[in-house]
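Down below is the structure, laid out as structure tokens.
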Amino acid sequence: MSNKCYITTPIYYSSGRVHIGNSYTTIACDVFARFNRLVGRDTFFLTGMDEHGQKIEEAARAQGLRPQELVDRIALETQKLWQNLHITNDDFIRTSEDRHQVVVQKIFEQLVASGDIYLGKYTGNYCVSCEAYFTKSQLGENNTCPDCGKETKLIAEESYFLRLSKYEQQLLNFIKENPDFIQPESRRNEVISFIESGLEDLSVSRSSFSWGVPVKSDPKHVVYVWIDALSNYLSALGYLSDDDSNYQKYWVNSQRVYHVVGKDILRFHAVYWPIMLMALNVPINFKLMVHGWILSKDGKMSKSRGDVVYPMDVVNDYGVDALRYYVTKELPLGNDGIFSYDRFVERYNTDLANDLGNLLSRTVSMVNKYLGGELRQDPKVVTKYDKELRDLAQKTKDNFYNYLNNFRLQLALNEVWVLINRANKYIDETTPWVLAKDESKKEELYSVMYHLVEVLRFVAVMLSVVLVESAPKMYQALGLKAEDITWDSLEFGKLANIKVIEKIEPLFVRLDPEKEQAKHQKKTEEKVDEVEKKQEITIDDFAKISLVTGEIIDCQLHPDAKKLLVLQVKIGNEVRQIVSGIREYYEPQDLIGKVVVVVENLKEAKIRGLQSKGMILCASKGDRLEVVEVKSLPSGAEVN
Ligand code: MSP
């Protein structure tokens, strides 16, 4: 059986910054790739960028850049992020690269030639932001996008279509015959009912924008998003190129091809992609591992609430291992998980600092104190506690393997923590500090310490796929050699001639939850302020606002509203009425005579029954507020 393994993340949109939620797919794949390498498989791990589309074209224009310049910049930033998270991808494919575009063009032409792609007409409401068409019944109020709420555009255009309908039954049969094709089962059922409700042919080209792969035989069209994006999984392997050896090795002849995707892009991978492959006569030998979303406590992370978390913020404060551990532990396959700093700090303290960190530091300190830091070989004496711990270590290794082998990352980690906690309990049961006082218990003491170090060796090797910085520290602390940390060496009792480190630093320094909470509360508030401040406008936008000085010549309380004042403001020769919510800060008579700044061209409105035209500018901070005053200019002066 081939030991080749091919693991892919989705390619990331070049439109936004990768946040902790979308970094999950890549971290999860990295854990999986490291595991596959650890158990001896020749593993190719791919990630990359999805760089085409109208949204990117427009974003580049808004920034005065060419689309290529914008995506180059984002690709660089994203690659740097992956390096910082210790992601071990073997390749980084970008859809704007020639090696990819050439393959997309060949695939497209091949499908046109086979009749699987045909020219038709598309009419629909299109959302630029989501890059998706919506049917009338899906649209929100005033034809807005049901996903992001922005305005959609009604577009009618010539478009090429992929004949999904032709493959409906064939795909359904395939999914039914291959129960592990889509995992977990709940997602598989979702796909089956989607197909059973009937597949409509898919629009796969656009002529309304140009930032995309041109259709070779009809270059006024560009290949539209999914054919372009999905083909990356093959183009990166050299499919349809002069050297397709990787395609042969890691796709055709591999029994382990995994696409790991979030639930939002399930349909594209479970329906469009296999149909493309059927039409191309490429074997569908991948498995689809579908994970849920990382949410904030209040649902989807949102910039305006200030709860979008970026991976490097966590890494800079707590280290890369803490982040990798948290996200891996948080998401059961298929379901959503939560990121909150409270939860994060709790997991960090309990699992990493206490359970794991203490087990290591207690063990190393005791080996130093009681045995001069040395262990020779498997001990002669085995007590009842020893046997239980031994058996559990061996069983943990097997369970860990079975879970990770099936991409059940969270369950695999749970197993390791059962072993860690058992080992901590074992210390309390065997009380080495009591044994150390009794010369006749020397062998027993040796046995206890040996068992602890062996368990820690198992733990370190298993956790090396997640804790990329701490596992090597554990190896060093325990004095393990290269041959002690291979997967095959994990047989209890193999360890011999060990010298542990003399002084051990804590693996994870305990955090003070209250301090951390206060720190993050403050940061969230700052982020909200920033978002509120940061709505960028152009100089043209600013020029639309007419600001002038006006003299307040009269001011009364609003008859029906406690917080409002009714001002008469003289602007040049005109006197106008402005209703303003500043009653809490000023007595009416204190305002008379002030020359203030007024938004002159604000649309007239009725405020609690009174006409108001214009707005008086104020500065405020915390619970203080002041009108913006001009000291020596008269009313009617322009402010700009
Ligand atoms: N470009 C497409 C994929 C094309 S693949 C042929 C895309 N890109 S993305 O940048 O929006 O998403 C990348 C990955 O992040 C996807 O797996 C997506 O499901 C995942 N996530 C986005 N937000 C997420 C969370 N909040 N939590 C976990 N994963 C999430 O989709």
Side-chain angles (χ1 to χ4, degrees), residues 7-30 32 46-56 59 71 74-75 77-78 81-82 85 87 89 92-96 100 103-104 107 129-132 147-148 187 204 212-213 223-236 258-274 276-277 286 288-303 305 307-311 323 326-328 330-340 407 409-410:
I7 298 167
T8 70
T9 73
I11 44 174
Y12 282 74
Y13 281 130
S14 296
S15 44
R17 238 171 106 195
V18 174
H19 58 64
I20 195 166
N22 38 32
S23 71
Y24 174 78
T25 317
T26 309
I27 296 175
C29 283
D30 185 63
F32 193 47
L46 176 72
T47 186
M49 299 303 289
D50 193 351
E51 303 188 317
H52 289 131
Q54 190 169 2
K55 199 166 156 186
I56 289 159
V71 298
I74 294 173
E77 264 171 35
T78 313
L81 171 67
W82 298 148
L85 301 186
I87 303 300
N89 52 304
F92 189 86
I93 182 97
R94 299 178 50 195
T95 55
S96 68
H100 173 74
V103 175
V104 172
I107 287 178
S129 216
C130 302
E131 299 199 34
D147 286 350
C148 71
R187 299 291 172 197
V204 291
V213 183
V223 178
Y224 170 65
V225 64
W226 286 102
I227 287 205
D228 178 14
L230 289 160
S231 304
N232 89 87
Y233 301 133
L234 294 183
S235 65
Y258 303 95
H259 294 319
V260 180
V261 299
K263 62 181 182 182
D264 50 317
I265 50 175
L266 166 63
R267 190 177 296 176
F268 309 108
H269 286 81
V271 179
Y272 306 163
W273 183 226
M276 272 175 71
L277 297 178
F286 67 88
L288 201 56
M289 301 301 185
V290 188
H291 65 76
W293 271 31
I294 295 190
L295 304 170
S296 76
K297 268 189 293 194
D298 302 311
K300 208 170 165 185
M301 293 184 188
S302 127
K303 271 197 188 164
R305 263 201 319 262
D307 61 9
V308 180
V309 178
Y310 294 100
L323 170 75
Y326 184 88
V327 296
T328 312
E330 185 60 24
L331 250 67
L333 186 65
N335 297 337
D336 294 338
I338 286 184
F339 183 91
S340 76
F407 200 72
L409 314 187
Q410 187 199 44

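Computed from a predicted structure; not experimentally measured. Counting starts at 1 for both ligands and their atoms, following the listed order. For the numbers below, each heavy atom of this structure counts, side chains included, while hydrogens, waters and symmetry mates do not.
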Does at least one non-hydrogen atom of [X] fall below 4.0 angstrom from an atom of ligand 1?
| X | result |
| --- | --- |
| Phe268 | no |
| His19 | yes |
| Lys300 | no |
| Gly292 | yes |

Quiz item: Any N or O of Asp50 that comes nearer than 3.5 Å to an N or O of ligand 1?
Solution: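 Yes: some nitrogen or oxygen of Asp50 is under 3.5 Å from one in ligand 1.
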Quiz item: Backbone or side chain, does any N or O of Asp264 fall under 3.5 Å from an N or O of ligand 1?
Solution: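 The answer is yes, given that Asp264 and ligand 1 share an N or O pair closer than 3.5 Å.
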Quiz item: Under 6.0 Å between ring centres, would you say that holds for His19 and Phe339?
Solution: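 No; Phe339 has its ring centre 6.0 Å or more from that of His19.
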Ligand-side contact atoms (ligand 1) for residue partner [X], heavy atom cut-off under 4.0 Å:
| X | answer |
| --- | --- |
| Ala229 | 6 (C) |
| His269 | 5 (S), 6 (C) |
| Gly262 | 17 (O), 19 (O) |
| Pro10 | 3 (C), 5 (S), 16 (C), 17 (O) |

Quiz prompt | side-chain hydrogen bond (donor to acceptor under 3.5 Å, both in side chains) partners for Asn232, two or more places apart | solution =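 Not a single residue meets the side-chain hydrogen bond (donor to acceptor under 3.5 Å, both in side chains) criterion with Asn232.
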Quiz item: Got the closest protein heavy atom to atom 27 (N) of ligand 1, with its distance?
Solution: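 Nearest protein contact, heavy atoms only, for atom 27 (N) of ligand 1 is Ile294 N, 2.7 Å.
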Exercise. Can you sort out the partners of Asp264 under salt bridge (charged side-chain N to carboxylate O under 4.0 Å, His left out), two or more places apart, ordered by chain and number?
Key: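 Checked Asp264 against salt bridge (charged side-chain N to carboxylate O under 4.0 Å, His left out); zero matches.
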Quiz item: For atom 8 (N) of ligand 1, which candidate among Tyr272, Trp273, Tyr13 holds the nearest heavy atom?
Solution: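 Among Tyr272, Trp273, Tyr13, the closest heavy atom to atom 8 (N) of ligand 1 comes from Tyr13.
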Quiz item: Which option, Trp293, Tyr233, Phe339, owns the non-hydrogen atom nearest atom 6 (C) of ligand 1?
Solution: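 Of the listed residues, Tyr233 has the closest heavy atom.
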Exercise. Quick one: look at Trp226 and ligand 1, take heavy-atom pairs under 4.0 Å, and tell me if it's side chain, backbone, both or neither.
Key: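 Trp226 to ligand 1: side-chain contact only, backbone stays beyond 4.0 Å.
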Self-check item: Side chain, backbone, both or neither: the part of Thr25 lying under 4.0 Å from ligand 1 by heavy atom
Solution: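 Side chain only; the backbone of Thr25 stays clear of ligand 1.
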Exercise. Could you check whether the rings of Phe407 and Phe32 sit parallel, tilted or perpendicular, using 30° and 60° as the cut-offs?
Key: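 The rings of Phe407 and Phe32 stand perpendicular, inter-plane angle above 60°.
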